[in-house]
Amino acid sequence: MKEPQPIQQILSPIESKLAAPSQTYTTQTGNTEREQSQASPEAEQRTRVLVNMLFARFKAIYTHKFASAYSTTEEVKLAKREWAIALKGFQEPLLAYAVERTKERFAWPPTISEFLSVIQTAYKAYGLPEPRQAYMEACGCRHNPQENRWSHAAVYFAGSETGWHYLSTEDERTTRPIFEKHYTRLVDKVINGEKLVIPKPVMIEDKSAPVLDDLLNDLSKQLNLTESDIAPHLYYLYKTKGTKIRVLYRERAQEALKALGYRGQLPN
């Protein structure tokens, strides 16, 4: 299977010829206290740029067929607006993959529905469940995430970043958009070749880590959670002191535990 090139690379010869992007309005999914209700201006601009790039690519691929599908400037403007709404949240790697597959499958410019169906094939191609299936898997395994055999590590990390306690206590309308936001970002990493590895439970259960027992017990009491819910966040203790990776994992753990109500500071 031919690996997709970054859209910017594919379109660099013709990007400068694009018309000014049409005005579109997009909001990020997951409008909760934990998420901003509207997409940032940067996210809106990124979506407009990607849609312009897609249209430029379609024009290069389908030539007169594209021109007949969008014969006027107003039609192009309206179409771009609809595509921007449909593609909000999708990042470059998935769209680049879909462009390559679309070129192989369709003799005419794809509809939004057809293009979205092509995007869905990326999940299967990379061994990933589609977002709805991934969300249901994460919810079904939220009580014992370390003990589950995950279909893909991206599902585990999306659940972890959303928060296992959050998935357990809030309804789907609240949690699913947040989960899918994290999952889409992780899918992009997988398509870009990044390997995701779930930490082994034995590393958390190993009693050689300093302060682990006392810290687990303390956090469990403070947050009214089981030690198995807390343990994955303390993975950073097994990284070498003073390393950047330990600092990074500790910061992530601090943020995740803060969202659960923890007000203290994790040990270095």
Side-chain angles (χ1 to χ4, degrees), residues 3 6 30 34-35 40 42-43 89 91-94 126-129 131 134-135 137-138 141-168 175 178-220 222-223 225-268:
E3 292 297 324
R34 302 178 65 185
E35 299 290 324
S40 67
E42 294 79 9
Q91 303 300 315
E92 179 187 340
L94 263 180
Y126 287 88
L128 292 151
Y135 173 78
E137 180 181 353
C141 304
R142 63 190 182 275
H143 297 299
N144 297 291
Q146 288 286 328
E147 299 175 10
N148 184 55
R149 296 190 59 165
W150 296 93
S151 61
H152 196 282
V155 183
Y156 167 83
F157 284 109
S160 179
E161 292 181 19
T162 303
W164 301 117
H165 181 68
Y166 192 63
L167 286 171
S168 299
T175 59
I178 298 174
F179 174 88
E180 291 189 354
K181 177 182 177 181
H182 291 305
Y183 185 63
T184 299
R185 179 178 56 81
L186 289 161
V187 167
D188 290 339
K189 289 186 175 183
V190 172
I191 293 177
N192 274 329
E194 184 170 332
K195 185 175 179 61
L196 305 177
V197 180
I198 300 173
K200 295 181 180 179
V202 66
M203 299 186 72
I204 296 300
E205 296 170 358
D206 185 352
K207 302 303 181 181
S208 63
V211 310
L212 179 57
D213 285 340
D214 290 341
L215 188 57
L216 273 174
N217 184 265
D218 181 52
L219 290 172
S220 178
Q222 286 189 49
L223 302 177
L225 298 172
T226 66
E227 291 189 0
S228 63
D229 289 328
I230 301 297
H233 298 298
L234 304 184
Y235 175 61
Y236 80 93
L237 288 171
Y238 290 90
K239 297 298 180 181
T240 304
K241 283 188 175 182
T243 59
K244 291 183 179 180
I245 192 65
R246 179 172 174 128
V247 172
L248 176 62
Y249 281 13
R250 179 186 173 277
E251 289 176 352
R252 290 179 178 176
Q254 185 74 48
E255 188 67 23
L257 291 172
K258 180 180 178 182
L260 296 177
Y262 181 57
R263 296 295 176 261
Q265 289 294 319
L266 294 174
N268 292 317

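- Between Ala154 and Leu128, the closest heavy-atom pair is CB-CD2, 3.8 Å.
- Residues Phe157 and His182 form no side-chain contact, since every pair of their non-hydrogen atoms from C-beta on lies 4.5 Å or further apart.
- Considering only heavy atoms from C-beta on, Leu260 comes within 4.5 Å of His233 through its side chain.
- For the residue pair Phe179 and Ala138, the shortest heavy atom distance occurs at CE1-CB, 3.6 Å.
- How far CG of Leu257 is from CG of Leu223: 6.5 Å, rounded to the nearest 0.5 Å.
- Side-chain contact between Cys141 and Glu147: absent, with no pair of heavy atoms (C-beta onward) separated by less than 4.5 Å.
- Looking only at distances, a side-chain donor or acceptor of Trp150 sits under 3.5 Å from a matching main-chain atom of Pro145.
- Between His152 and Gly127 the shortest heavy-atom distance is CD2-O, 3.6 Å.
- The CG atom of Asn144 sits 10.5 Å away from atom CH2 of Trp164, with the distance rounded to the nearest 0.5 Å.
- Considering CD1 of Ile191 and CG of Leu186, their distance stands at 11.5 Å, rounded to 0.5 Å.
- When all heavy atoms are compared, the tightest approach of Pro129 to Val155 is CG-CG2, 3.6 Å.
- Taking the side chain as every heavy atom from C-beta outward, Tyr156 and Asn148 never approach each other to under 4.5 Å.
- Looking at Glu161, its side chain never comes within 3.5 Å of a backbone N or O of Ala256 through a donor-acceptor pair.
- A distance of 10.0 Å separates CG of Leu216 from OG1 of Thr226, quoted to the nearest 0.5 Å.
- Put simply, CG on Leu248 and CZ on Arg246 are 13.0 Å apart, with the number rounded to the nearest 0.5 Å.
- Separation of atoms CZ (Arg250) and CG (Leu266) is listed at 5.5 Å; rounding is to 0.5 Å.
- A donor atom on one side chain and an acceptor atom on the other are found under 3.5 Å apart for Tyr135 and Thr175.
- Minimum heavy-atom separation, His143 to Ser168: CE1-OG, 3.7 Å.
- Of all the heavy atoms in Leu225 and His165, the pair that sits closest is CD2-ND1, 3.1 Å.
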